[in-house]
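Structure first, commentary second.
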Number of protein chains: 2
Amino acid sequence: MKNEKNKLTTPKQTFRNLAAEKRLRIEKALVEEFAREGYRRASLNNVVKRLGIAKGSLYQYFDNKEATFLFVFERFTRLVKGMVGKPTAVDCRPDNFWLTVRRVWAAGILFIDKYPAYYQLYLNVLFEQDIPRREEIISRVRLFSMEFFGPLAAAALESGGLRPEVPVAVVVFMIDAAMDRFLQSYARSYLDDGLELAAADRAMVEDKMDTIIEALKNGIGTDGKNTKMGA
Amino acid sequence: MKNEKNKLTTPKQTFRNLAAEKRLRIEKALVEEFAREGYRRASLNNVVKRLGIAKGSLYQYFDNKEATFLFVFERFTRLVKGMVGKPTAVDCRPDNFWLTVRRVWAAGILFIDKYPAYYQLYLNVLFEQDIPRREEIISRVRLFSMEFFGPLAAAALESGGLRPEVPVAVVVFMIDAAMDRFLQSYARSYLDDGLELAAADRAMVEDKMDTIIEALKNGIGTDGKNTKMGA
DNA sequence: GGTATATATGACTACCTGGTCACACGATGA
DNA sequence: TCATCGTGTGACCAGGTAGTCATATATACC
């Protein structure tokens, strides 16, 4: 996990020679365009127009449209790993599994607040077809969550923190499903079914999150009370 | 709920005069195109080319691209309500809440098997921007599920089938989140995190579904055993 | 100054899109 | 035979796209 050399793409030298300020301005314009329009519909004409630079310049920075996209997506994965990796690296011993879940979840909310365009970009990637190197791209994020929660859940199961009759894959599935849907509802109000996250303030959002985590933990039904105690 | 007159759109008379066989051929070509490409990128040029008819003909059947899309989406909602409405209308008394959940869920799986292109179309609608009359369209399906499960869950809560400290909105949220993610994983293997639904046969898929429903009911944790009994 | 190199430019191409429209076709009825 | 009418046609239009390239400009070194 140390070799960061397996990049998706590298901008041209010309781009790397640019002043940091200009580089950031270009990156921002690109991510905004891809976030708003998705990959296919995004227009580099539009990007250069808003940036006030010539079309040819952009092609001196990147080989083609695909390269611009892979560049901003690479930045996205870095931002994600920076925000999710940190709060969980502190203490992720198996006995506080749910604390970790809560922290990752909260980090997701924070990420959306801080980088809404990047999250939008990610959603577009998830559900648009013909994205360049799609499988590779998605697996970089999805499998990150899977590889992250998987071992954690396995350890929690081992130490009796999870019901033994529920397979680890199902545990990860349910947490991921609830978290993803929650964050999607948070970021895109029209996907909200009744939680009304868009209208809620920070404290209310975290409160709803906690309610859901509790419901994941304890279940929402009453008629299946055969909770076997593990270890 | 009886007046079916509030249609999204109506094709032109010319289309309605067509032989049923040709109508179906056109509908099939349209839904396939929208499923594969989403709304914006879908090409009517492509559709007429594959159908072997002239561009002008299509515009004698529909006013514009938007009308073709709304037409196929309308068919989708009808198909959905036909498949989900039926198995649940049989007996949806509050005491078999989980049975209803299971039936709707299974109907979803069946729908994907039977009309994969229509489901794909739906996913595209969910996550693409600038879809014509988007909010109206999404609410027709999303709220269908919400308005359907909401009262059902409220009744189940009333009769003691659900834990009283979990709000109805959270119950609906969790079931919807798990079900949606499950169906998405089933339909699009690249969204599958570890359930491996694409490689599973019918019995295995239903088995995994049941495991998840059980986990929703009873929870996946062991440390929160304060299950109050309601009524 | 001069020269070489790196960067900026925008008109241009080739191609695609949704939509239009003048016309062709064929059947029906007088 | 002529006229009408519903239907089928595809060249055409305006406008969009990704990508190119000869040219202009700025910078750096001598």
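These numbers were taken from a predicted model, which means no experiment stands behind them. Below, chain A is the first sequence line, B the second, and so on; all start at residue 1. Just the heavy atoms: all of them, side chains too, but no hydrogens, waters or symmetry mates, feed the values below.
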Less than 3.5 Å between a donor and an acceptor, one on the side chain of K55(A) and one on the base of dA11(C), is that the case here?
no

I want to check one thing: is the phosphate of dG8(D), taken as OP1 and OP2, less than 4.0 Å away from some side-chain N or O of Y61(B)?
yes

Using atom CD of Q13(A) as one end and atom P of dA8(C) as the other, report the distance to the nearest whole Å.
13 Å

Tell me whether N46(B) contacts the main-chain N or O of E33(B) through its side chain, where contact means a donor paired with an acceptor under 3.5 Å.
no

Just how far, in rounded Å, is C1' of dT7(C) from CZ of F62(A)?
15 Å

Will you find, in the side chains of D180(A) and Q184(A), an N or O donor that is under 3.5 Å from an N or O acceptor?
no

Is there side-chain contact between T211(B) and P167(A), with at least one heavy-atom pair below 4.5 Å?
yes

Is there a donor N/O on one and an acceptor N/O on the other, under 3.5 Å, for the side chain of K65(A) and the base of dG19(D)?
no

Test F111(A) against every option in F76(A), Y119(A), Y122(A) by the ring pair (Phe, Tyr, Trp, His ring centres under 6.0 Å) rule and name the one that passes.
F76(A)

Heavy atoms within less than 4.0 Å of DNA chain C: which residues of residues 15-47 of chain A have one? Give them sorted by number.
N17(A), K22(A)

Looking only at dG19(D), dG8(D), dA8(C), the nucleotide nearest the T14(A) side chain is dA8(C)

For D130(B) and dG18(C), give me the distance from atom CG to atom C1', rounded to whole Å.
15 Å

By side chain to side chain donor-acceptor pair (under 3.5 Å) - contacts of D207(B) (at least two apart)
none

Taking for each residue the nucleotide of DNA chain D with the nearest heavy atom, is it G52(B) or D63(A) whose nucleotide lies nearer the 5' end?
G52(B)

Gap separating the NZ atom of K12(A) from the CG atom of D63(A), nearest 0.5 angstrom:
5.0 Å

Heavy atoms from C-beta onward define the side chain here; which of dG8(D), dG19(D), dT9(C) lies closest to that of N64(A)?
dG19(D)

Looking only at side-chain N and O atoms, does D113(B) offer a donor or acceptor that is under 3.5 Å from a partner on Y186(B)?
yes

Distance, rounded to the nearest Å, where K12(B) contributes NZ and dG8(D) contributes C1'
13 Å

Atom CD of Q60(B) to atom P of dT9(D): distance rounded to whole Å?
10 Å

Side chain of Y59(B) only, heavy atoms from C-beta on: which candidate in dA8(C), dT9(D), dT20(C) is closest?
dT20(C)

Rounding to an integer number of Å, can you tell me how far I53(B) CD1 sits from dG10(D) C1'?
12 Å

Calculate the interatomic distance between L51(B) atom CG and dT9(D) atom P; express it in whole Å.
11 Å

